[in-house]
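Every number for a ligand or one of its atoms is a count from 1 in the order of the listing.
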Amino acid sequence: MHTFEFIRPTDSAAAIATAAQSKTAQQGADVRFMGGGTTLIDLMKLNVETPTRVLDINRLPLDKIEVMPDGGMKIGATARNSDLAYHTKVQRDYSVLSQAILQGASAQIRNMATVAGNLLQRTRCVYFRDTAMPCNKREPGTGCPAITGHNRTLAILGTSEHCIATNPSDMCIALAALEVTIHIQGPKGTRAVAFGDFHVLPSNRPERETVLEPGDLITHVTLPPPISGSKQFYLKLRDRASYEFALASAAVVLTISSSKITRARIALGGVGTKPWRSPEAEAALTGEPANDATFRQAAEAALRGAKPQSENRFKIELAKRCLTHALRLAAAS
Ligand SMILES: Cc1cc2nc3c(=O)[nH]c(=O)nc-3n(C[C@H](O)[C@H](O)[C@H](O)COP(=O)(O)OP(=O)(O)OC[C@H]3O[C@@H](n4cnc5c(N)ncnc54)[C@H](O)[C@@H]3O)c2cc1C
Ligand code: SF4
């Protein structure tokens, strides 16, 4: 691993001012915040990330998980994934979030991993993690060997001719379905970004994954007040039962009244270049009877735009079955 300066700020403004000196907040950043370090340190050991300064933000007062007066929740950026998953109100009112987190990584990693770090975890594309190989995301303009190479686990939605890397997060899929807001403090002040606007598609700039600019510190995430009586489910399909990333997953938040679906929020994991909210599936469900025919139609709608590569065509049917079954299980819960 290259040499770098390790700094432990106790003041957010100082941390932001230091990070603002970085030339980018995306791939190639020379200053990085560190939460749990379970993504960052991994990638530094591989020389995929080579920051000259690492700002450990764990001394900043950003770890609280609070219930808000409107019934929603405020989750600090350094709150641990485990603390969030096991929070009583999260388990009761946002169970899809608890389920999604607990199906990710391992207990040890969830104990270290932070909410902001999980929002910014990087793809597991093997070429991205191997500096002997070209990769547009790691080194812009070098090419994308995955398109003609190993792409079994990569994305089928939101891809471009420059990158087909999957966003690997489980937590983010639930956050997409729950329509959370991400709060950022930067050199120019604070701002709030709707979850759906936070991650960007690879397009012709796959090295850019989010709207973050140099110095931007995620301070917290807010959950809107819970939808009374909603039925929630997170289903994750993967090659083995634990310690494995999703090949396909679905986060489902449904409201059903007199056997009809009155509200649906749907997001897919393991298949998109960003956490994949599906307005097409939501439209196909809303106002329809909660039965298998409707669920399958929604799954067909969600995957209509899928573009498979040489090894991952199977993901189209897998994702359809994943969403259909997640809807079935949510409706029956
Ligand atoms: C073996 C293994 C298996 C895994 N399996 C899964 C899985 O099945 N499902 C899954 O979803 N995840 C999985 N993960 C990924 C894991 O969830 C992430 O590594 C973790 O969530 C990252 O959180 P962190 O706090 O450790 O991030 P860090 O490594 O600390 O940071 C990640 C990125 O976020 C930036 N950052 C951190 N905090 C802030 C902030 N407040 N503001 C701005 N930028 C910030 C850092 O600069 C860095 O670029 C796995 C990881 C490993 C190592
Ligand atoms: S899919 Fe993206 S991350 Fe993977 S090799 Fe291609 S450009 Fe790199």
Side-chain angles (χ1 to χ4, degrees), residues 12 15-16 19 22 25-27 29 31-44 48-49 51 54-58 60 62-63 76-81 100-106 108-130 133-151 153-155 159-174 182-186 202 206-207 209-210 212 215-221 236 238 240 242-246 249 269-270 273 275 309:
S12 297
I16 289 165
S22 186
Q26 307 291 327
Q27 178 61 26
V31 186
R32 280 285 188 209
F33 296 121
M34 190 192 84
T38 63
T39 285
L40 182 65
I41 301 297
D42 246 19
L43 293 177
M44 286 172 67
V48 172
E49 291 265 20
V54 173
L55 299 167
D56 175 356
I57 57 171
N58 289 291
L60 303 181
L62 298 174
D63 62 345
T78 58
R80 304 291 146 177
N81 284 186
I101 293 172
L102 293 177
Q103 290 182 60
S106 64
Q108 290 90 337
I109 291 170
R110 295 193 296 267
N111 286 343
M112 285 299 290
T114 62
V115 170
N118 198 329
L119 287 171
L120 294 166
Q121 67 168 285
R122 313 295 303 279
T123 184
R124 311 305 286 198
C125 173
V126 291
Y127 303 103
F128 174 70
R129 295 170 66 85
D130 181 353
M133 299 300 294
C135 166
N136 283 331
K137 187 183 277 299
R138 181 168 30 77
E139 278 182 69
T142 55
C144 175
I147 290 176
T148 51
H150 297 297
N151 52 46
T153 61
L154 298 187
T159 57
S160 78
E161 60 183 304
H162 302 281
C163 182
I164 56 168
T166 319
N167 180 295
S169 176
D170 291 300
M171 182 193 80
C172 285
I173 310 310
I182 297 170
H183 298 263
I184 298 162
Q185 194 177 339
E207 77 283 6
E209 297 177 352
T210 66
L212 292 181
D216 279 348
L217 173 73
I218 297 173
T219 53
H220 60 282
V221 169
K236 176 176 179 179
R238 46 189 155 167
R240 58 181 180 198
S242 78
Y243 210 33
E244 187 53 280
F245 291 91
S249 72
T273 51
Q309 306 295 332

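Close N/O approach between Arg124 and ligand 1 is not found [any backbone or side-chain N/O within under 3.5 Å]. At least one N or O atom of Lys236 sits closer than 3.5 Å to an N or O atom of ligand 1. For a threshold of 3.5 Å applied to N or O pairs, the pair formed by Tyr243 and ligand 1 contains no separation below that value. Note: no N/O pair closer than 3.5 Å links Ile57 and ligand 1 by distance alone. Note: an N/O pair closer than 3.5 Å links Thr114 and ligand 1 by distance alone.
Interface atoms of ligand 1 facing Asp170, defined by a heavy-atom separation under 4.0 Å, are 7 (C), 8 (O), 9 (N), 10 (C), 11 (O). Taking every heavy atom of Arg32 and a limit of under 4.0 angstrom, the matching atoms of ligand 1 come to 47 (O), 49 (O). Listed by number with element, the atoms of ligand 1 under 4.0 Å from a non-hydrogen atom of Gly36 are 24 (P), 25 (O), 26 (O), 30 (O). Every atom of ligand 1 with a heavy atom of Ser169 under 4.0 Å away is listed here by number and element: 11 (O). Atom numbering of ligand 1 starts at 1 in the shown order; those under 4.0 Å from a heavy atom of Met34 are 30 (O). Close contacts of ligand 1 with Gly104, meaning ligand atoms under 4.0 Å from a residue heavy atom, involve 7 (C), 8 (O), 9 (N). Close contacts of ligand 1 with Leu40, meaning ligand atoms under 4.0 Å from a residue heavy atom, involve 29 (O). Set against the non-hydrogen atoms of Ala77, the atoms of ligand 1 under 4.0 Å away are 41 (N). Every atom of ligand 2 with a heavy atom of His162 under 4.0 Å away is listed here by number and element: 7 (S).
Among protein heavy atoms, the minimum distance from atom 52 (C) of ligand 1 is reached at Ile109 CD1, 3.5 Å. Protein heavy atom at the shortest distance from atom 28 (P) of ligand 1 is Gly37 N, 3.5 Å. At the shortest separation from atom 17 (O) of ligand 1 among protein heavy atoms lies Gln121 NE2, 3.5 Å. The protein non-hydrogen atom at the shortest distance from atom 39 (C) of ligand 1 is Ala116 CB, 3.7 Å. In terms of protein heavy-atom proximity, atom 48 (C) of ligand 1 is nearest to Phe33 O, 4.1 Å. Of all protein heavy atoms, the one lying nearest to atom 4 (C) of ligand 1 is Phe245 CZ, 3.3 Å. Scanning the protein for heavy atoms near atom 1 (S) of ligand 2, the closest one is Ile164 N, 3.3 Å. Nearest to atom 44 (N) of ligand 1 among the protein's heavy atoms is Leu120 CD1, 3.1 Å. Of the protein's non-hydrogen atoms, the one nearest atom 22 (C) of ligand 1 is Thr38 OG1, 3.3 Å.
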Tyr243 vs Ile109, side-chain contact (heavy atoms from CB on, under 4.5 Å): CA-CA, chis, key distance, verdict: CA-CA 10 Å; Tyr243 210 33; Ile109 291 170; 3.8 Å; yes

Steps toward salt bridge (charged side-chain N to carboxylate O under 4.0 Å, His left out) verdict (Arg129, Asp42): CA-CA 10 Å; Arg129 295 170 66 85; Asp42 246 19; 3.6 Å; yes

Derivation and outcome, salt bridge (charged side-chain N to carboxylate O under 4.0 Å, His left out), residues Lys137 and Glu209: CA-CA 9 Å; Lys137 187 183 277 299; Glu209 297 177 352; 2.8 Å; yes

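Residues Leu217 and Leu55 form no side-chain contact, since every pair of their non-hydrogen atoms from C-beta on lies 4.5 Å or further apart. Counting heavy atoms from C-beta outward, Leu40 and Val54 have side chains that approach closer than 4.5 Å. Residues Asp170 and Leu102 fail the side-chain proximity criterion, which asks for heavy atoms closer than 4.5 Å. Proximity of Phe128 to Arg122: side-chain heavy atoms (C-beta onward) are separated by under 4.5 Å at one or more points. Between Val115 and Ile218, every side-chain heavy-atom pair lies at or beyond the 4.5 Å cut-off. For the pair Gln121/Met171, no side-chain contact is recorded, criterion being any heavy-atom separation below 4.5 Å from C-beta on.
In summary, Arg80 and Asp63 do not engage in a salt bridge, as defined by a charged side-chain N under 4.0 Å from a carboxylate O. Electrostatic pairing of Arg32 and Glu49 counts as a salt bridge here, judged by a charged N lying under 4.0 Å from a carboxylate O.
Expressed to the nearest 0.5 Å, how far NE2 of His183 lies from CG of Leu62 amounts to 13.0 Å.
At a cut-off of 2.8 Å, measuring from atom 8 (Fe) of ligand 2, the protein N, O or S atoms that fall short of it are Cys135 SG, waters left aside.
For His162, the NE2 atom sits in a packed shell: over 12 heavy atoms of surrounding residues, nucleotides or ligands are nearer than 6.0 Å.
Arg124 places no side-chain N or O within donor-acceptor distance of the main-chain N or O of Thr166, the cut-off being under 3.5 Å. A side-chain donor-acceptor contact under 3.5 Å links Thr142 to the backbone of Cys135. Gln27 contributes no side-chain N or O that, together with a main-chain N or O of Glu139, makes up a donor-acceptor pair within less than 3.5 Å. Side chain of Glu244 to main chain of Ala105: no donor-acceptor pair is present (N/O by atom type, distance under 3.5 Å, no hydrogens or angles).
With hydrogens and angles left out, the side-chain atoms of Gln108 and Asn111 include no donor and acceptor closer than 3.5 Å. Remark: the Thr78 side chain and the Asn58 side chain contain no N/O donor-acceptor pair separated by less than 3.5 Å. Side-chain contact check for Gln185 and Ser12: no donor-acceptor pair (N or O, by modelled atom type) lies under 3.5 Å.
Comparing Pro51, Ser242, Ala105 by heavy-atom distance to atom 8 (O) of ligand 1, the nearest is Ala105. When the heavy-atom distances from atom 23 (O) of ligand 1 to Ala19, Gly117, Gly215 are ranked, the shortest goes to Gly117.
For Ile41, the closest heavy-atom approach to ligand 1 does not fall below 4.0 Å.
Residue contacts with ligand 1 for Glu244 involve N, CA, C or O but no side-chain atom from C-beta outward (heavy atoms, distance under 4.0 Å). Using a 4.0 Å cut-off between heavy atoms, Ala246 makes no contact with ligand 1 at all.
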